[in-house]
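Written out below as structure tokens is the structure these notes cover.
In this text, all values refer to a predicted model and were calculated from it rather than measured experimentally.
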Amino acid sequence: MNILLIGSGGREHAFAWKIKQSTHCEKLWIAPGNAGTQALGENIDLSANDFEGIKHFCITNDIHLLVVGPEEPLVKGLRDFLALDPKTASLPIVGPGKAGAQLEGSKDFSKAFMNQYGIPTASHATFTQASLQEGIAYLKTQKLPIVLKADGLAAGKGVLICNSHEEAEKSFKDMLVGQKFGEASTKVVIETFLKGIELSVFVATDGESYKILPEAKDYKRIGEMDTGPNTGGMGAISPVPFADQAFMEKVEEKVIKPTVLGLKNSGIDFRGFLFIGLMNMDGEPFVIEYNVRMGDPETQAVLPRIESDFVSLLSAIADKKLRDYNLKTTATKTATVVMVAGGYPEAYEKGKVISGLEKDTLKQAITFHAGTKTRHPEAIVTNGGRVLGITGLGNTIEDAIKHAYERVNQINWEKVNYRKDIGQDILHLSD
């Protein structure tokens, strides 16, 4: 099978790593890829949003399966675009069309969807610049803290948690009037703050059937003890001890089943991954948000726990044959630590030479590349905010964390930064 994988982050390196383990993969291309993916397949100089280029490549290289990693091309309608050309209309694709991608592309749409299908979530209201004063009045009625969400895509940074009404009003104005998140904040959703423990649940679906993948807990804030601004993700742990059978049964009945059925009843042929951000509130699941692809860095923690053939899973999603797929997972525990550029998530420099990558001898750790590129002759340099994701494996979460940091400590570059407390809250919970 000839496979084209779209994306360049740690998620895509993890996908490529898992795809190459399958006997069903004959040739793998990654567009545009990174310094890590080039060891697993052939990197192609194509942007994830170059729809014409992607279509031409699929036709000329006899692609049998297209796997879309990031959300932006899905929200912009890559699947719909390819469906318009007879030469690519029947191409199996992992990733929803524009209609399904609205679950992530519009917080307002996803909230309306949850309301329509009775899926538990926080109370909320949506405002635009035209309803600014109504929004300010609504803010004043809300209990603290107050959650503000940019309606559109904001690279994982469009959520603000405000601890005073004054801060909330200023941030609300910054988002709507000052366009703090650009076009993404032309609408802003004000939400009640959900207090509990977060986790991420991943579901593969072909629009009819679904399979629940291993869950994870991620760490969004830049600083230890969950301090500082939100990032795209600083680490992840899988499995999550409090996501026991009783809780996951509630998640399936109250969230997953009505979501998949709601998509079908809405006439949305959703073939891809649903990443459901949940809050466990006293044993009850509430949806924080939907994403329409696998998470990053959660993918780096989840995929090593899947034993069954990954390309078979991807094909079953694309071909609507998921009912027949037997998902097998392992009891192995995983911990992913993200190493980032100094200054991230604000301004940061690129082009810093990374040392220590060649010391990759630890059997219980996997190095996933994200923001990296090769600079000739041999150097690998930083090329983004989140640079590497180091996944430790172990029989216990404690072992997995230990192995991850052993590998992290072998790697360095100028102004490297990473959280030193990934998974510590999980260990305390376990205790």
**Request:** Indicate the ring-plane relationship of Phe113 and Phe109, choosing parallel, tilted or perpendicular according to the 30° and 60° boundaries.
**Result:** parallel
**Fill in**
Gly10 and Asp296 have their tightest heavy-atom pair at N-OD2, 3.4 Å
**Prompt:** Do you see a donor-acceptor pair shorter than 3.5 Å between the side chains of Ser200 and Lys217?
**Reply:** no
**Prompt:** Ignoring hydrogens and geometry, is there a side-chain-to-backbone donor-acceptor pair from Ser185 to Gly182 under 3.5 Å?
**Reply:** yes
**Message:** My understanding is that only one of Gln102, Glu104, Met114 makes a side chain to side chain contact (heavy atoms under 4.5 Å, CB included) with Tyr290; could you say which?
**Reply:** Met114
**Fill in**
Here the side-chain hydrogen bond (donor to acceptor under 3.5 Å, both in side chains) pairs for residues 240-256, sequence neighbours left out, are Tyr210-Glu252, Gln245-Glu249, Lys250-Glu284, Glu253-Lys257, Lys254-Glu284
**Which residues share a side chain to side chain donor-acceptor pair (under 3.5 Å) with Lys76, sequence neighbours left out** = Glu72
**Request:** Classify the side-chain pair Asn43/Thr37 by whether it contains a donor and acceptor separated by less than 3.5 Å.
**Result:** yes
**Message:** Minimum heavy-atom separation for Gly235 and Val338, please, with both atom names.
**Reply:** N-CG2, 3.8 Å
**Asked** Is it true that the side chains of Thr332 and Arg305 contain a donor and an acceptor less than 3.5 Å apart?
**Response** no
**Message:** By the definition side chain to side chain contact (heavy atoms under 4.5 Å, CB included), identify the one residue from Gln21, His24, Lys18 that meets it with Asp309.
**Reply:** His24
**Request:** Assign the ring pair Trp29 / Phe57 to parallel, tilted or perpendicular, where the plane angle (0 to 90°) is split at 30° and 60°.
**Result:** perpendicular
**Request:** Give the ring-plane orientation class for Phe310 versus Phe273, where under 30° counts as parallel, over 60° as perpendicular and anything between as tilted.
**Result:** parallel
**Request:** List the steps, then state whether salt bridge (charged side-chain N to carboxylate O under 4.0 Å, His left out) holds for Glu71 with Arg293.
**Result:** CA-CA 6 Å; Glu71 63 275 15; Arg293 36 73 193 182; 3.2 Å; yes
**Request:** Establish, from distance only, whether the side-chain atoms of Asn115 and His124 form a donor-acceptor pair under 3.5 Å.
**Result:** yes
**Pairing residues for Phe270 by the ring-ring contact (aromatic ring centres under 6.0 Å, His included) criterion, not counting sequence neighbours** = none
**Asked** Is a salt bridge present between Lys149 and Asp151, judged by a nitrogen-to-oxygen distance below 4.0 Å?
**Response** no
**Message:** For Leu65 versus Ser315, what's the shortest heavy-atom pair and its separation?
**Reply:** CD2-OG, 4.1 Å
**Message:** Is a donor from one side chain sitting under 3.5 angstrom from an acceptor on the other, for Asn34 and Gln38?
**Reply:** no
**Prompt:** With a 3.5 Å cut-off and no angle check, do the side chains of Tyr348 and Thr382 form a donor-acceptor pair?
**Reply:** no
**Item:** Qualifying residue, where the test is side chain to side chain contact (heavy atoms under 4.5 Å, CB included) with Val387 and the options are Val340, Val416, Thr372
**Value:** Thr372
**Nearest heavy-atom neighbours spanning Lys333 and Pro239** = CD-CD, 3.2 Å
**Under-4.0 Å salt bridge between Lys98 and Asp80** = no
**Request:** Take the angle between the ring planes of Phe368 and His13 and call it parallel below 30°, perpendicular above 60°, tilted in between.
**Result:** perpendicular
**Prompt:** Can Thr391 and Thr334 be counted as having a side-chain donor-acceptor contact under 3.5 angstrom?
**Reply:** no
**Request:** Compute whether any side-chain donor of one residue and acceptor of the other, for Thr367 and Arg407, lie under 3.5 angstrom apart.
**Result:** yes
